[in-house]
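Note sheet for the following structure.
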Amino acid sequence: MNFSNRKVLYINLSDKTFNVKTYPDLHAYLGGLALGLKLLQMHADEDPLIFSIGPLNGLFPYVSKTCVLTGSNLDLATESNSIINPGRKGLTELYLGGSLSSRLRFIGLDAVVILGKSKTPVFTEITSGAVNFYDSFEEFSGKSLPGRSSLLSFKEHLLLDDYFHTKDHLLSFLFAKRNLGGLLINADSSFDIEGISRYGKLYLKLFNEAQKLKISPADNPSCVGCPMGCDKSQVGETSGNVLVHSLVACTYAEEIYSDPGVVFSCLNALGYVYTHEELENIPNLVKSLMEDLENL
Amino acid sequence: MTKILKPVFPEKCIGCEMCVMDSQRQLGKVGLEGAFIRVFREGTKFSIVLDPQVNTLDVEKIRDICPQGVYEVREVDDYELLE
Ligand code: SF4
């Protein structure tokens with residue numbers, strides 16, 4: 001794993017093509033919200049739908065969400081009868097739980113950018129080496145790797161892993177408007193971490209800080225990487241703490257992951273090189289990207 | 001005697017995969033490839049498949065990290081293991 005590059009998969013639904021780009025210069029954007037906003041700014045005139053994760057997803061407890069971003073979309077707001085993001089103009093910002101962030105991590109991607117619109121419904125499978133497009137759900141759903149996949153598919157609405165969804169089912173509208181019938185991520189990789197015992201100790205330390213979470217344990221389907229099974233995770237989140245959402249940790253774990261010292265230690269244990277100043281600067285970076293996007 | 005991991009209450013599983021990650025960390029890695037524990041999803045229900053090699057790990061640690069008490073650690077005679 002290269003800890004300073006950001007690897008982004010681009011999928012164009014109009015012509016059913018894909019390509020992967022590696023960005024050595026996006027290090028400062030950490031991940032999740034900050035990285036997603038940067039990608040949104042880079043592709044502002046292409047109406048992208050962006051899924052982005054952070055460097056701790058899949059690797060530390062309670063860091064279990066995926067950031068979903070797209071530009072402001074007033075048709076969508078009217079159609080879904082909701083205000084998409086009252087706090088952040090020019091932006092649809094959602095956070096989704098389930099297994100998605102873990103599968104993106106273990107397929108080696110920091111973000112997926114979906115562009116264009118298919119003429120007919122299309123079902124898209126992402127594997128570590130390819131993207132496959134299918135015309136029928138039957139063909140597509142049979143491709144799932146048991147225990148290693150993440151599936152976004154339509155029941156009455158779009159659901160992740162048959163359970164998780166976004167506020168007001170907004171992601172359903174974002175998929176439907178592109179004729180995207182489903183998205184499957186099949187993750188099958190593992191990697192070594194240098195200094196695994198230091199990493200393991202820090203993992204357990206944070207795991208044992210469950211009393212800092214703003215939710216209670218229950219027995220609902222849980223996000224991968226979170227043992228709580230709480231009743232809040234099904235619907236995901238909207239806006240919140242910038243550092244937490246750039247990681248992308250659960251908003252209910254804000255007390256743990258809004259502390260730049262904790263984040264610094266986690267990043268350091270994995271081999272990422274960030275300074276305290278860089279982490280403290282993330283809110284400014286996000287603010288200026290937001291302002292930029294508002295003016296576009 | 002050998003300690004073995006048994007999912008005695010699989011119906012309680014919530015799919016958090018803490019057990020999968022712990023077993024992988026014990027092997028010095030992170031990720032899903034080659035995992036000795038697989039958590040399969042069937043709608044909102046889960047089932048667990050264990051590779052017998054999981055019993056070469058610290059199974060008590062895996063039992064203890066499960067938030068739902070799905071696992072039990074049993075001590076068995078080596079000949080029982082062969083059977
Ligand atoms: S740790 Fe327990 S609840 Fe979580 S996936 Fe494993 S068996 Fe299921």
Side-chain angles (χ1 to χ4, degrees), chain A residues 1 57-62 64 97-99 102-103 105-108 128 144-151 155 159-164 186-197 199-201 203-204 207-208 210 217-230 233-234 270, chain B residues 3 5-73:
Chain A
M1 208 164 108
N57 281 115
L59 300 168
F60 276 98
Y62 323 120
S64 50
S99 61
S102 145
R103 302 311 183 238
R105 163 65 53 234
F106 297 122
I107 208 165
S128 43
S144 166
L145 286 178
R148 286 176 283 175
S149 66
S150 197
L151 175 67
K155 304 289 181 232
L159 295 179
L160 169 67
D161 304 336
D162 285 334
Y163 179 75
F164 301 93
N186 278 326
D188 56 2
S189 64
S190 287
F191 50 87
D192 298 332
I193 288 186
E194 249 179 71
I196 189 94
S197 88
Y199 158 69
K201 276 185 198 143
Y203 185 102
L204 288 178
F207 174 77
N208 288 325
D219 53 8
N220 302 293
S222 207
C223 299
V224 167
C226 175
M228 301 304 278
C230 76
S233 65
Q234 184 178 24
L270 294 173
Chain B
K3 287 180 179 168
L5 190 68
K6 273 239 164 235
V8 283
F9 299 111
E11 68 283 359
K12 287 189 181 176
C13 177
I14 54 172
C16 66
E17 299 186 13
M18 306 309 292
C19 55
V20 179
M21 289 178 272
D22 192 82
S23 66
Q24 290 290 73
R25 273 198 306 280
Q26 289 191 39
L27 292 169
K29 59 183 176 177
V30 289
L32 298 161
E33 187 218 347
F36 292 164
I37 304 179
R38 288 267 151 85
V39 177
F40 292 174
R41 201 171 282 270
E42 291 129 32
T44 52
K45 301 276 172 243
F46 302 91
S47 59
I48 298 149
V49 176
L50 299 183
D51 182 317
Q53 291 184 82
V54 76
N55 298 317
T56 60
L57 304 177
D58 181 343
V59 286
E60 278 158 350
K61 216 165 151 247
I62 300 172
R63 175 197 61 196
D64 294 345
I65 207 161
C66 172
Q68 294 289 307
V70 165
Y71 296 107
E72 210 173 81
V73 170

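Nothing here was measured: the structure is a model prediction, and the numbers come from that model. In the text below, chain A, chain B and the rest are named by the order of the sequence lines, each starting its count at 1.
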With sequence neighbours left out, the residues meeting side-chain hydrogen bond (donor to acceptor under 3.5 Å, both in side chains) with K29(B) are none
What is the distance from atom NZ of K45(B) to atom OH of Y163(A), rounded to the nearest 0.5 Å? 10.5 Å
Can you tell me how far apart CD (Q24(B)) and OG (S190(A)) are? Round to the nearest 0.5 Å. 5.0 Å
Which atom of [X] lies closest to which atom of [Y], heavy atoms considered:
| X | Y | answer |
| --- | --- | --- |
| C16(B) | M21(B) | O-CE, 3.7 Å |
| P7(B) | I48(B) | CB-CD1, 4.2 Å |
| K155(A) | L159(A) | CG-CD1, 3.7 Å |

For I107(A), give me all partners under side-chain contact (heavy atoms from CB on, under 4.5 Å), at least two apart in sequence or on another chain. L109(A), I126(A), S128(A), I185(A), A187(A)
Is the shortest heavy-atom distance from the side chain of [X] to the side chain of [Y] under 4.5 Å?
| X | Y | result |
| --- | --- | --- |
| Y199(A) | L59(A) | yes |
| R105(A) | V30(B) | no |
| P221(A) | D161(A) | no |

Side chain, backbone, both or neither: which part of [X] has a non-hydrogen atom closer than 4.5 Å to chain B?
| X | result |
| --- | --- |
| A210(A) | neither |
| L204(A) | side chain |
| D188(A) | backbone |

Please assess D219(A) against K12(B) for the test salt bridge (Lys or Arg N to Asp or Glu O under 4.0 Å), listing each intermediate value before the final yes or no. CA-CA 8 Å; D219(A) 53 8; K12(B) 287 189 181 176; over 6 Å; no
Residue among [options] with most heavy-atom pairs under 4.5 Å to chain B:
| options | result |
| --- | --- |
| S149(A), S222(A), S64(A) | S222(A) |
| P217(A), G200(A), G147(A), S197(A) | G147(A) |
| S189(A), P61(A), G229(A) | S189(A) |
| G58(A), S144(A), P146(A) | P146(A) |

Spell out the residues in residues 63-72 of chain B that have some non-hydrogen atom less than 4.5 Å away from a non-hydrogen atom of chain A, in order of number; otherwise answer 'none'. I65(B), P67(B), Q68(B)
Could you list which of residues 31-41 of chain B have a heavy atom closer than 4.5 Å to any heavy atom of chain A, in residue-number order? G31(B), L32(B), E33(B), R38(B), V39(B), F40(B), R41(B)
For E42(B), is the CD atom crowded, meaning more than 12 foreign heavy atoms sit under 6.0 Å from it? yes
